[in-house]
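Have a look at the structure below before the remarks.
Positions are given from 1, in the same order as the sequence printed here. Indexing begins at 1, ligand by ligand and atom by atom, following the structure's order.
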Amino acid sequence: MNAPTGAAPPAVLLELDGVRKRYNVGLPNEAEVLHGVSLRIDRGEFVALIGPSGSGKSTLLNIVGLLERMTAGRYRIDGVEVSGLDDAALTLRRRSTLGFIFQFHHLLPAFSALENVTLPALMREGRITPAQRERARAVLAAVGLGGAMNKRPGELSGGMQQRVAIARALVLEPPLVLADEPTGNLDTVSANEVFALMRQMHAELKTSFLVVTHDPRLAARCDRVIELVDGRLVHDGPAAGPAR
Ligand SMILES: Nc1ncnc2c1ncn2[C@@H]1O[C@H](COP(=O)(O)OP(=O)(O)OP(=O)(O)O)[C@@H](O)[C@H]1O
Ligand SMILES: [Mg+2]
C-alpha cells in the first residue's frame with residue numbers, strides 16, 4: 001500500500017534472503033542454479049550484476065523482476081513479500097514497480113517509438129490519457145529522440161532502439177529498472193552513450209537500477225558491483241572504477 005502522504009518511503013527497496021532457484025523440478029535434469037542468494041538494494045542505488053556466463057545472472061534478474069518464481073527463500077520488494085502473491089497480483093506489482101531493458105530491445109516493430117513508449121500505461125491502466133502521451137513525448141525527448149518519435153524501431157539504429165527501450169522502462173517512473181545486458185548488442189560508442197543515458201536518467205529520476213553487464217568498464221561506472229559465480233554471490237561492494 002502507499003505510504004501516508006508526507007512520509008518518506010523506507011530506504012530499503014528490495015531484500016532477498018536465501019533465494020534458491022531449481023529448474024526442471026522433479027525431472028531427471030533437475031538443477032539448482034541459485035544456491036541461497038541474499039541481497040539488499042536501497043532506493044536510488046545503481047548496481048551492476050556481473051559474473052561468468054551461466055552463473056545465474058538472468059535467473060536472478062527474472063526473480064527480482066517477478067517474471068520467474070523462486071524455489072525457496074524470501075523476497076520483499078517495495079514492502080511486499082512476493083512469495084504469497086498469486087500470478088495476477090505479481091503482474092500488477094510488476095507493472096507498478098518495475099521497468100525492464102533487455103539486450104534486444106523487444107520493441108513492437110509495427111508501432112512507432114511514441115506508441116511503444118505509451119504501452120506501459122496502456123498495459124497498466126487499459127488506456128492512454130493525453131497526459132500520459134505528453135509524458136511519453138517528454139521522456140523520448142529526454143533520451144534524445146525528440147525528432148524520431150514517429151519512426152518505427154526498424155527505422156532506428158541499435159543505439160536509438162535501446163534509447164526507446166530506456167524511455168519505455170522509465171515512462172511510468174518505477175522505483176526499479178532491471179537491465180539485462182542492455183548494451184550487449186551495441187558497438188562500443190553506442191554502448192557508452194546508452195550507458196551514460198541510463199546514468200543520466202538515474203541522476204534525474206532517482207530510479208534504482210540493477211544492470212547485468214559483461215563489460216568491466218561499464219560495471220566500474222556503477223555505484224556498487226555484485227558478482228555471481230555458480231549461483232552464489234561472491235562479491236558485493238562499491239565499484240572500484242574511475243570517476244564517471
Ligand atoms: N528455463 C531454464 N530451464 C532450465 N535451465 C535453465 C533455464 N534458464 C537458465 N537455465 C540454466 O541456469 C543456469 C543459469 O542461467 P542464466 O541464464 O541465469 O545465466 P547467466 O548468468 O544469465 O548467463 P549469460 O551470461 O550467458 O546470460 C545455466 O546453467 C542455465 O543453463
Ligand atoms: Mg543472462
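For ligand 1, the polar-atom distance check against V33 finds no nitrogen or oxygen pair separated by under 3.5 Å. Between G56 and ligand 1, at least one N/O pair is under 3.5 Å apart.
For atom 25 (O) of ligand 1, the nearest non-hydrogen atom of the protein is K57 NZ, 2.7 Å. In terms of protein heavy atoms, atom 17 (O) of ligand 1 is closest to S58 CB, 3.8 Å. Residue, atom and distance of the protein heavy atom nearest to atom 10 (N) of ligand 1 are Y23 CE1, 3.4 Å. Atom 26 (O) of ligand 1 has its closest protein heavy atom at S53 OG, 2.5 Å. Atom 28 (C) of ligand 1 has as its closest protein heavy atom G54 O, 3.9 Å. Distance from atom 16 (P) of ligand 1 to its nearest protein heavy atom, with residue and atom name: T59 OG1, 3.7 Å.
The pair R40-D236 does not count as a salt bridge, with every side-chain nitrogen at least 4.0 angstrom from each carboxylate oxygen. With respect to R76 and E81, no salt bridge is recorded, no charged nitrogen being found less than 4.0 Å from a carboxylate O. Taking a cutoff of 4.0 Å between a charged side-chain nitrogen and a carboxylate oxygen, E155 and R152 do not qualify as a salt bridge. Ion pairing between D230 and R232 fails under the 4.0 Å rule for side-chain N and carboxylate O. Salt bridge annotation for R20-E32: present, with a cationic side-chain nitrogen under 4.0 angstrom from a carboxylate oxygen.
The nearest N, O or S atom of S58 is closer to the Mg ion (ligand 2) than 2.8 Å.
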Report, one line per pair, each donor and acceptor closer than 3.5 Å where one atom sits in a side chain of residues 171-180; sequence neighbours left out.
residue : atom : partner : partner atom : Å
E173    : OE2  : R135    : NH2          : 2.9
D180    : OD2  : S58     : OG           : 2.6

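Side-chain contact check for Q132 and T129: at least one donor-acceptor pair (N or O, by modelled atom type) lies under 3.5 Å. Side-chain atoms of N62 and T59 include no donor-acceptor pair closer than 3.5 Å.
Close approach to P52 involves these atoms of ligand 1, each under 4.0 Å from a residue heavy atom: 21 (O). Atom numbering of ligand 1 starts at 1 in the shown order; those under 4.0 Å from a heavy atom of N24 are 4 (C). Remark: ligand 1 atoms within the under-4.0 Å shell around heavy atoms of H214 are 25 (O). Short contacts between ligand 1 and E181, defined as distances under 4.0 Å to a heavy atom of the residue, involve ligand atoms 25 (O), 27 (O).
Within the 4.0 angstrom cut-off, atom 30 (C) of ligand 1 has no protein heavy-atom neighbours. In this structure, atom 20 (P) of ligand 1 has protein heavy atoms in its sub-4.0 angstrom surroundings.
The minimum heavy-atom distance linking V37 with G231 is given by the pair CG2-O, 3.8 Å. Minimum interatomic distance between R93 and I77 (heavy atoms only, all atoms of both residues): NH1-O, 3.8 Å.
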